[in-house]
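Notes follow once the structure below has been shown.
Because the structure is predicted, anything quoted here is derived from the model rather than measured. Letters A, B, ... are given to chains in the order of the sequence lines, protein chains preceding strands, and every chain is numbered from 1. Computation of the quantities below employed the complete heavy-atom set of this structure, encompassing side-chain atoms and omitting hydrogens, waters and symmetry-equivalent molecules.
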Number of protein chains: 2
Amino acid sequence: MVTIKDVAKLAGVSISTVSRVINNSKPVSPEVRKKVLKVIEETGYRPNDIARTLVTKKSYLIGVIVTNLANSYVAEMVRGIEEVGKMYNYDILLCSTYGDKSTELKYIQLLNRKQVEGIIFISDKLNEEVKEQVDAFKIPFLYLSRHSIEEKYPTVTIDNNLASYEMTQYLINLGHKKVAYLTDSEEPTNLEQLKINGYKKAIEENEIEKELIYYANGRKNEEGYAAAKEILKENEDVTAIFCSNDELAIGVINYLRDKDIKVPDEISVAGYGDLRMATIIRPQITTVKEPFYDMGAVAIRMIIKEIAGEKVKEKRVNLPFHIEKRDSCKKIK
Amino acid sequence: MVTIKDVAKLAGVSISTVSRVINNSKPVSPEVRKKVLKVIEETGYRPNDIARTLVTKKSYLIGVIVTNLANSYVAEMVRGIEEVGKMYNYDILLCSTYGDKSTELKYIQLLNRKQVEGIIFISDKLNEEVKEQVDAFKIPFLYLSRHSIEEKYPTVTIDNNLASYEMTQYLINLGHKKVAYLTDSEEPTNLEQLKINGYKKAIEENEIEKELIYYANGRKNEEGYAAAKEILKENEDVTAIFCSNDELAIGVINYLRDKDIKVPDEISVAGYGDLRMATIIRPQITTVKEPFYDMGAVAIRMIIKEIAGEKVKEKRVNLPFHIEKRDSCKKIK
DNA sequence: TTGAAAGCGTTACCAG
DNA sequence: CTGGTAACGCTTTCAA
């Protein structure tokens, strides 16, 4: 590999001068600059960022720890992070933990050693030990999650309470009187609780006789399928089911389809998230659009700002959401 | 940040000794080792991998260049790459190009400067300029693609010709006499041509009167939808449509559904790829399972071997595929 | 078993 | 505007 030294020698100048031309850090006479550039061109010299980092202390690396890239919303966030990171010359080091705590801890250490300048952590929950590690490793840290809220660290989300409220409202405006809400677990996360509250608020405001809250045993479509069965058994006359995420909604729709119950003619089903699948499946799902890509994009902007020393005043950023009205919900006849 | 120097001073030993204990590279007396370890523990010292890389020339970094992480199969490959990479202490630096050539070139340069030890390139095609860049930058390079074949570089795929042949055979064995093949473009890639050939071979061997090859204008479900319309218009009596990828198949199924043609009762539809969606949608899609995760896993193993200096004898690795028999295809009555 | 010192490829400061 | 040199944090001879 050709180094700055080689270039200096070939160009007959000092390494300081070469450094100046590649960094444009100090004035260099036009002739010298040209000569140096020519040598660089000929030799194909490329500065070694590792050496540079060692002296400047800037690695231009951000660690991104995710649970699982197989979740399309995670991939979307990473896409946003990576794409805008690159705009600021930052690269990302990707680590998947599959939710394992010791792996999370291990990767934080790893990123520490690799000298990343910040960490974005995407996961459903934030373990106490992880927090400790992260605090000890004094670099900007940002937490991204669809499912839980963490006051301690900067984050970017949507107003989930409002989104849930608005979707419920939308369903009610469509004429539905029996609107069920299907959440993903009997022990809702703090964020899920917000959504439940949004639903309840709409139900109360419209003086719908009672709220119908059901609990699935997870967030996958299989669990949505099983939950739908449950709901229908107990409430033959529900006309709308609002699911706390799209996969659950797909499961519900699949169940109804197997039982020959037409969606949306007989029952409307709404989702949450707006995964790609929501538009591919038929009927296309009416859902709350969470701007995952943008969440990643904004997140990295925040962390880069923080790295740059700018005081970020808002730790908690709320992005706009949207009720995507598609085919799985319709006016009651 | 605490450095090796600090540890040495606090422990009252030389930095050489500290280096020896953290690397277990040379014998160190038990007492000294213990003392050093204690200081490390107390100070929370973590070796700086950047400095280490500078001297050892080993960055333990692999660059992964992808077109778009939003394609779930790409995310799967990346998952495989990352997970087994970690087993060998390698980290990945992720770059998305969105298919832009100049971006690809830029990222190769970037990875060069960041001192990655190898590059895995996931994309539909490999540009000549990219090849040049990559050759100039003399590190192991591996190409992963669902859609094209590149003899020059190591890769890992499945036997696409055989897979296509077997799926067609399966359809014929189900009793179908009019089996159409839907490819994604009028100008098939070399890999797609292999699949077309596999289809043709099965048609010929079974003395089916004629092959029915249709061309979609892309690989998305919308294009599958449009193509299905075309197929039905020209061939009312097809009973099976084998699509060159799952998204196309979903489009076809959606079209048939809108036209009230029952899948699989009236027409069987097969896919290729086995994306997650293939099992989520109803009917679940009969498809060729391409082991994307494993392709990534094997790819990084190969590249790490090459980095280690082991001569990889097989440049082209074929992984097993599988015909996933699900609900979208059935015996003809 | 230990320490001193050179060196990895840069940047940044200080002279000139 | 240019060159010399220390320093970044570490590994790796070489001697002791």
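- For A:S29, a side-chain nitrogen or oxygen approaches OP1 or OP2 of D:dT2 to under 4.0 Å.
- Distance, B:I4 CD1 to D:dC8 C1': 13 Å, rounded to whole Å.
- For A:V21 against A:R33, the heavy-atom pair with the smallest separation is CA-NH2, 4.0 Å.
- Per the geometry, CZ belonging to B:R46 stands 12 Å off P belonging to D:dC10, to the nearest Å.
- Considering only side-chain atoms of A:N48, the nucleotide from C:dG9, D:dT11, D:dG9 that sits closest is C:dG9.
- At the heavy-atom level, B:D49 lies nowhere under 4.0 Å from the strands shown.
- Between B:L54 atom CG and C:dT11 atom P there is a gap of 12 Å when expressed in whole angstrom units.
- The CG atom of A:L93 lies 5.0 Å from the CG atom of B:D91; values are rounded to the nearest 0.5 Å.
- Contact annotation: A:S16 side-chain N/O to D:dG3 OP1/OP2 distance is not under 4.0 Å.
- A donor-acceptor distance shorter than 3.5 angstrom exists from the side chain of A:E117 to the backbone of A:Y60, with no hydrogens or angles considered.
- For C:dT11, one of the phosphate oxygens OP1 or OP2 lies less than 4.0 angstrom from a side-chain nitrogen or oxygen of A:S19.
- Phosphate proximity of D:dG3 to A:T17: present, with a side-chain N or O under 4.0 Å from OP1 or OP2.
- Residue contacts shown for A:R113 are absent, as no nucleic acid heavy atom lies under 4.0 Å away.
- Salt-bridge formation is detected for the pair B:D124/B:R219: a Lys NZ or Arg NE/NH1/NH2 atom is positioned less than 4.0 Å from an Asp or Glu carboxylate oxygen.
- Distances were taken from every side-chain heavy atom of B:V55 (C-beta onward) to each of C:dC8, C:dG3, C:dG9; the shortest belongs to C:dC8.
- Side-chain contact of B:D100 with B:Y107: a donor-acceptor pair under 3.5 Å is absent, judged by distance alone.
- One interatomic measurement links the two molecules: NZ of A:K58 to C1' of D:dC8, which rounds to 16 Å at whole-angstrom precision.
- Of the candidate nucleotides D:dG3, D:dG9, C:dT2, D:dG9 has the atom lying nearest to any side-chain atom of B:T3.
- To the nearest angstrom, P of D:dG4 lies 13 Å from NZ of A:K5.
- When rounded to the nearest whole Å, the span between CD1 of A:I50 and C1' of C:dT10 equals 12 Å.
- Spacing between atom NZ of A:K114 and atom P of D:dG9 amounts to 18 Å, rounded to whole angstrom units.
- Between the NZ atom of B:K57 and the P atom of D:dT12 there is a distance of 12 Å, rounded to whole Å.
- At a threshold of 4.0 angstrom between heavy atoms, the contacts of B:K26 include nucleobase atoms, whether or not backbone atoms are also involved.
- If B:E31 and B:A51 are placed on DNA chain C by their nearest nucleotide, the residue sitting closer to the 5' end is B:E31.
- The B:R20 side chain lies nearest to C:dG3 when the options are D:dG3, D:dC8, C:dG3.
- Picking from D:dT11, C:dT10, D:dT2 the nucleotide with the shortest atom distance to the side chain of B:T56 gives D:dT11.
- Using the six-membered ring where Trp is involved, A:F292 and A:Y73 have ring planes that are tilted, between 30° and 60° apart.
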